[in-house]
Protein chains: 2
Amino acid sequence: MTTPTGDQALIKRINTAIVLEFILRGAPLSRAQISEQSGLNKATVSSLVQDLIDGSLVKETGTGQSSGGRKPVMLEFIATSGYAIGIDLGVNYIRGALTDLRGGIVAERTSSLRHPEPEAAVEQLCNCIEALMAEAPASSYGIVGIGVGVPGLVDDNGTILFAPNLKWRDVPLLRLLTERFALPVTIDNEANMGALGEQKYGAGRSISNLVYASVGIGIGTGLILNKTLYKGTSGYSGEMGHLSIEAHGKSCTCGNRGCWEMYASEQALLEQASSLGFEDLESLLAAAAEGRQDVLALFSGIGEYLGVGIANIVNVFNPDAVIIGNRMSQARPWIEGIVRQTVTQRALGFHLRKVQILFAELGERSSMMGAAEMAIAGFFSRVKAT
Amino acid sequence: MTTPTGDQALIKRINTAIVLEFILRGAPLSRAQISEQSGLNKATVSSLVQDLIDGSLVKETGTGQSSGGRKPVMLEFIATSGYAIGIDLGVNYIRGALTDLRGGIVAERTSSLRHPEPEAAVEQLCNCIEALMAEAPASSYGIVGIGVGVPGLVDDNGTILFAPNLKWRDVPLLRLLTERFALPVTIDNEANMGALGEQKYGAGRSISNLVYASVGIGIGTGLILNKTLYKGTSGYSGEMGHLSIEAHGKSCTCGNRGCWEMYASEQALLEQASSLGFEDLESLLAAAAEGRQDVLALFSGIGEYLGVGIANIVNVFNPDAVIIGNRMSQARPWIEGIVRQTVTQRALGFHLRKVQILFAELGERSSMMGAAEMAIAGFFSRVKAT
DNA sequence: AAACTTAGTTTATTGGATAGACAAACTAAG
DNA sequence: CTTAGTTTGTCTATCCAATAAACTAAGTTT
């Protein structure tokens with residue numbers, strides 16, 4: 001019982017997953033096409049497709065073009081046979097979406113987080129979820145799951161061990177939400193969710209190895225290696241914000257010195273900007289847009305340090321892409337050049353050949369979409385197991 | 001044909017692998033035990049075991065103890081049904097071993113590399129391989145493959161793109177060896193091989209996530225994530241020697257500044273030691289053993305910088321273990337304390353809970369054993385595919 | 001010696017994939 | 001409009017691996 005053994009059910013799961021994957025990607029396509037492209041026998045495809053149709057996951061949508069024979073019956077995934085909820089719990093906001101099974105946003109809600117204490121915040125979170133659930137149209141599977149991205153360390157039991165900017169410690173969010181909604185819930189770090197969101201729906205679509213750097217108040221990173229989210233042993237890898245880039249630099253609250261996020265985060269930017277009379281990122285962005293030289297110099301400095309860290313990432317992971325996300329991605333016009341330049345200078349030549357430096361396509365929605373994707377992926381893995 | 005589909009052969013492969021895995025690990029055990037522990041039916045196990053026996057991979061070794069019934073027939077893996085060759089091609093030596101399929105060393109050869117030019121070195125390498133092959137006893141499968149670890153960047157075609165200390169560029173070693181020996185050959189970075197060697201036969205036995213830091217002239221790292229060697233997109237990840245730990249530190253030949261290996265490698269140690277009149281690591285180790293304070297201080301400095309880099313590794317990967325290997329591991333008595341102390345100070349508290357800092361158990365043989373393991377693993381994956 | 005235990009094999013059954021035959025539905029050429 | 005040829009999708013018989021259950025073999029315990 002220790003090892004998962006192979007039996008016929010496993011075969012069927014594998015092949016059903018393959019067929020579903022083809023229908024998900026290939027838009028409208030026929031049984032014949034699936035058979036040819038997948039290598040599965042026509043009869044096998046027919047049988048599996050029938051199961052998917054019976055399970056309300058796939059439907060026939062009329063006939064397609066013929067090239068001299070019987071017209072094919074086109075198949076399509078029924079994205080509205082279920083809905084997922086994705087939440088980005090930020091330091092001072094809650095952003096949530098109701099999506100269909102293809103990740104299309106059906107409803108969205110944003111509210112500012114007035115009381116960051118765990119109890120009040122969780123209550124507000126639950127209200128948001130309930131409001132979104134109420135907006136879901138009737139469907140075969142209903143709400144298939146809830147995903148939540150949080151700005152802190154999450155262990156493998158879904159407990160928030162430590163969220164410095166929220167000042168939370170040991171909040172068993174998974175348990176709280178599971179008890180309340182009796183639905184599958186996934187909790188993970190905001191950067192991991194962002195990485196997943198961009199990999200599935202954003203700048204990193206179908207890229208195998210990517211690193212998502214969430215540059216906000218602090219810096220977090222999400223690692224997608226071999227198409228899978230890599231989580232360390234305890235479930236919390238990717239704390240690259242606390243990668244030391246100046247061994248004898250500024251002391252960080254984490255105990256280390258010269259942490260990357262002390263030089264390249266929004267926090268670092270704001271500290272330098274205070275002497276110029278700025279208090280938030282938005283006003284700095286506006287000033288930069290007007291061409292203020294001193295502000296542009298600030299962004300340039302941040303960009304350079306971002307590049308230092310990204311060069312490290314490139315050298316360590318040799319990824320296909322590094323995606324810069326979260327709030328700092330808005331500064332793209334004023335940091336992109338210097339980031340690229342610094343990375344080119346510092347990363348190893350061989351690694352540079354293939355790596356792309358990208359900015360988050362989903363903008364502020366990366367993390368929320370990743371959370372929804374978690375719920376959707378969980379649903380699929382359960383369906384396929386049946 | 002694009003996707004690997006599921007069929008009955010796949011099931012059989014999976015289950016055969018499970019059975020073989022049990023026999024490999026569980027030393028002498030019976031069919032009944034395999035059935036019970038794996039969850040496979042007794043009949044299934046009997047049938048698969050018979051196939052393995054027919055394939056000369058397993059044999060029956062008499063009966064075991066009974067606890068009130070028929071005595072079990074014990075099974076054992078036949079490690080001598082084939083042999084593998086593992087080579088560690090160093091900067092100034094070639095170390096090679098002939099091992100059985102369990103990684104037991106049957107013969108070993110070390111020679112110093114007199115002429116590091118590619119042609120002469122490859123010739124010497126081939127001679128070493130031939131000599132080892134000649135020592136292999138007769139067996140069912142003969143030599144099942146050759147693995148070679150090299151001190152440089154290797155692409156996914158087995159070409160050595162760049163080996164700075166050997167001054168090699170674009171040497172198609174995989175092709176050269178395959179043509180000469182007509183055997184499966186695997187070429188990889190010395191640090192990747194070392195990681196594999198320690199994970200399979202050394203300090204990291206059966207650890208899922210580990211980082212192996214090969215600290216020699218330079219510093220390389222091998223990443224084992226989820227029990228698999230992680231290789232980046234182009235096949236060359238893990239260049240953590242060129243992780244910048246001092247953003248404005250010394251310029252490195254790689255183009256970056258403040259690279260880890262400029263502060264924590266053997267090279268860095270020797271540079272500092274030259275003013276004291278030392279020229280190699282061995283004499284420094286001897287002096288440290290005699291208690292020379294100035295030398296101990298040098299080691300202490302190296303240990304601290306090693307700790308800085310390892311703390312970074314821990315924060316990024318949240319691994320179960322970090323293993324310090326290659327030549328610097330000999331300095332364990334004089335660096336272990338300061339390394340541990342620095343890591344404890346600098347890594348995030350949550351990550352420290354589980355991580356172990358270890359030193360290579362296989363010493364100078366890590367890389368060579370990993371190379372042999374590559375060949376063995378390749379053989380198994382081929383056998384199981386039949 | 002009888003009753004019980006445990007190991008491993010044999011037998012019949014199940015369920016999924018497959019090749020090949022086939023029917024349905026179409027295009028195109030004469 | 002007929003006929004030949006093509007493509008789609010289903011049906012049927014077969015194969016094969018895993019399995020449960022019966023069975024044989026070979027012990028131990030009372």
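- With hydrogens and angles ignored, no donor-acceptor pair under 3.5 angstrom links the side chain of B/Asn41 to the base of D/dA18.
- A straight line from CD of B/Gln33 to P of C/dT6 spans 13 Å, rounded to a whole angstrom.
- The listed nucleotides are D/dG9, D/dT19, C/dA17; the one nearest the side chain of B/Leu40 is D/dT19.
- Salt bridge B/Glu60/B/Arg31: present, at least one basic N to carboxylate O contact under 4.0 Å.
- B/Thr233 and A/Asp320 share a donor-acceptor pair across their side chains, judged by distance under 3.5 Å alone.
- Phosphate contact (OP1/OP2 of D/dA18, side-chain N/O of B/Ser47, threshold under 4.0 Å): absent.
- We find that CG of B/Leu10 is positioned 16 Å from C1' of C/dT18, with the value rounded to whole Å.
- The phosphate of D/dA18 (OP1 or OP2) has a side-chain N or O of B/Asn15 nearer than 4.0 angstrom.
- Counting non-hydrogen atoms under 4.0 angstrom, B/Val73 reaches the backbone sugars and phosphates but no base.
- Atom pair B/Lys12:NZ and C/dA17:C1' shows a separation of 16 Å (rounding to whole Å applied).
- C/dA19 atom P lies 14 Å from atom CD of A/Glu36, rounded to whole Å.
- One can place NZ of A/Lys71 at 10 Å from C1' of C/dT27, the figure rounded to the nearest angstrom.
- In B/Gln65, the CD atom is not crowded: 12 or fewer heavy atoms of neighbouring residues, nucleotides or ligands sit closer than 6.0 Å.
- When heavy atoms are screened at a 4.0 angstrom cut-off, B/Ser67 is found touching the sugar-phosphate backbone but no base atom.
- Using a 4.0 Å cut-off between charged nitrogen and carboxylate oxygen, A/Asp156 and A/Lys231 do not count as a salt-bridge pair.
- Among the nucleotides D/dT28, C/dA19, D/dG9, the one closest to the side chain of B/Ser66 is D/dT28.
- Among the heavy atoms of the strands lying under 4.0 Å from A/Ser30 are primed sugar atoms or P, OP1, OP2 only; no base atom is included.
- Between the side chain of B/Tyr230 and the main chain of A/Phe317, a donor-acceptor pair closer than 3.5 Å is present.
- Applying the 4.0 Å criterion to OP1 and OP2 of C/dT6, one finds that B/Arg31 has every side-chain N and O outside that range.
- One N or O donor and one acceptor, one from the side chain of A/Lys42 and one from the base of D/dG9, sit under 3.5 Å apart.
- For the pair B/Ile34 CD1 and C/dA7 C1', the computed distance is 13 Å after rounding to whole Å.
- Comparing C/dG16, D/dG9, C/dA7 against the side chain of B/Gln8 picks out C/dG16 as the nearest.
- Minimum atom distance to the side chain of A/Ser46 is reached by D/dT10, of the listed C/dC26, C/dA17, D/dT10.
- Remark: C/dC26 base-pairs with D/dG5. Criterion, Watson-Crick or G-U wobble with two distances under 3.5 Å.
- Atom CD1 in B/Ile18 sits about 10 Å away from atom P in D/dA18, given to the nearest Å.
- Taking the nucleotide of DNA chain D with the nearest heavy atom to each of A/Asp7 and A/Pro72, the more 5' of the two is matched to A/Pro72.
- For C/dA7, its base sits under 3.5 Å from the side chain of B/Arg70 at one donor and acceptor pair at least.
- Atom CG in A/Leu29 sits roughly 17 Å away from atom P in D/dT7 (whole-Å rounding).
- B/Ala32 comes within 4.0 angstrom of sugar-phosphate atoms only, judged by non-hydrogen atoms across all strands, and of no base.
- Taking 4.0 Å as the cut-off between side-chain N and carboxylate O, A/Lys42 and A/Glu36 do not count as a salt-bridged pair.
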